[in-house]
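To start, the structure itself, in structure tokens.
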Amino acid sequence: MTNTQKTSLTDNMYCLGIESTADDFGVGIARFNGEILANAVEGYVPIEGGIHPREAARHHAEVADKVFCQALTDAKIKPKDLTCISFSMGPGLGPCLRTGATVARALASYLQIPLVGVNHSVAHIEIGKLETGATDPVTLYASGGNTMVTAFESKRYRVFGETLDIALGNCLDVFGRQAGLKNQKGLPLGAAIEQLALKGKNLITLPYVVKGMDLSLSGLLTAATTQLQKEKHPIEDVCYSLQEHAFAMVAEITERALAHTEKKEVLLTGGVAANKRLQTMLKAITEEHDASFNVVPQKFATDNGAMIAWTGTLAYTHGLITPINESYVKLRWRVDKVDVPWIN
Ligand code: AMP
Ligand code: MG
């Protein structure tokens, strides 16, 4: 088969991907040649407190048909044009994952096309690579539920370092709620903290906990919240200090992974990747190692269906199809348990 023939074949192949690991319900559509045609999403916003898994799952069930139709409209294709359906199989919150999986199974069965279970963390890395052109990066994946430094080594994305307790985004969100910040104009709390931090002037000493290649953020969160409650420092200074400490920790382990692997690219992905201060810090360490710094575009930073659709095309073309009766979700599916045969 010639290259031209190959291109024209993949031009007419589409994967629809469903994301539902936590608060976002997303449906994306990717062409097999890497073009993202749709990335529709509806986020669940808790009335109070953090994500309630059952409430979020109910939200996902309610918006599923609307988001699905939106994605098809955006992509300008019909369900019969789809080649396969992929879905986030884990890791994530059980009720949320099961809702997405149910929608995916129903669609694959009805359309009589293959189902492809995708690892959510792998998808964050793959969309970052697709969108930035990075090919073999050390990746810092920092989101509401995950914080890890990974790089490809012997068939899999290996974890070089990770949080021992809460994720970076979760640390920011909990602090934001304790501080009484609100999701104004739909902005995530991490973004609200980023804005306040810009006005911070004094660096308060807070716990900095890096253990080997791993880190711990819960002590930092407690200390930052305590500083706020004591009202000794303005909120801007606490936000600034929280960011400086937390971001320095993730930058430290990313730098060590880069020095160890001697890779030539760094990729920042996940919802927290939107943070400009984090981007600046990582760029600085990357340049010291003569590597290139890549950050996922904002619309693909937070959880989204496009990344699941794109990873679905990679898995499908390498024969990774998930039989419906084996499509149970995996709440703690680690990235280093997943073979990625599309990388040599
Ligand atoms: P995800 O889990 O990938 O959907 O990402 C959501 C997380 O990203 C939440 O914890 C948000 O607070 C965080 N986030 C989004 N924008 C920013 C930002 N500008 N700075 C820091 N964190 C952010
Ligand atoms: Mg999310």
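If you're wondering where the values come from, they're calculated on a predicted model, not measured in any experiment. Whatever order the structure lists them in is the order used to number ligands and atoms, beginning at 1.
- Under the 4.5 Å side-chain criterion, counting only non-hydrogen atoms from C-beta, Leu97 is in contact with Thr21.
- The ligand atoms of ligand 1 that sit less than 4.0 angstrom from a heavy atom of Ser143 are 1 (P), 2 (O), 3 (O).
- At a threshold of 4.0 Å, the pair Arg256-Glu252 counts as salt-bridged, since one of the basic side-chain nitrogens sits closer than that to a carboxylate oxygen.
- Classification of the Phe152-Tyr157 ring pair by plane angle, with boundaries at 30° and 60°, yields perpendicular.
- Closest to atom 19 (N) of ligand 1, if we only count protein heavy atoms, is Glu194 OE1, 2.8 Å.
- Taking any N or O of Gly145, backbone or side chain, none lies under 3.5 Å from an N or O belonging to ligand 1.
- At the top of the distance list for atom 7 (C) of ligand 1, counting protein heavy atoms only, stands Gly144 N, 3.7 Å.
- A perpendicular orientation is assigned to the rings of Tyr316 and Phe32, their planes being inclined by more than 60° (bins at 30° and 60°).
- The main-chain N or O of Leu217 is found under 3.5 Å from a side-chain atom of Asp165 such that the two form a donor-acceptor pair.
- Of the N or O atoms in Asp173, one or more lie within a sub-3.5 Å distance of an N or O in ligand 1.
- Note: an N/O pair closer than 3.5 Å links Gly190 and ligand 1 by distance alone.
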**Asked** Given the rule in the salt bridge (charged side-chain N to carboxylate O under 4.0 Å, His left out) test, do Arg277 and Glu244 qualify, once you have shown the distances and angles that lead to the verdict?
**Response** CA-CA 8 Å; Arg277 178 63 184 140; Glu244 292 302 298; 2.7 Å; yes
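- Within the protein, the number of N, O or S atoms lying under 2.8 Å from the Mg ion (ligand 2) is 2.
- If you check each of Ala273, Gly169, Gly271, Ala192 against atom 14 (N) of ligand 1, the one with the closest non-hydrogen atom is Gly271.
- The side-chain heavy atoms of Pro91 and His120, taken from C-beta on, include a pair separated by under 4.5 Å.
- Where the criterion is an N or O separation shorter than 3.5 Å, residue side chain and backbone included, Leu172 fails it with respect to ligand 1.
- Among all non-hydrogen protein atoms, the one lying nearest atom 20 (N) of ligand 1 is Asn275 ND2, 3.0 Å.
- When Asn304, Leu189, Asp303 are ranked by how near their heavy atoms come to atom 1 (P) of ligand 1, first place goes to Asp303.
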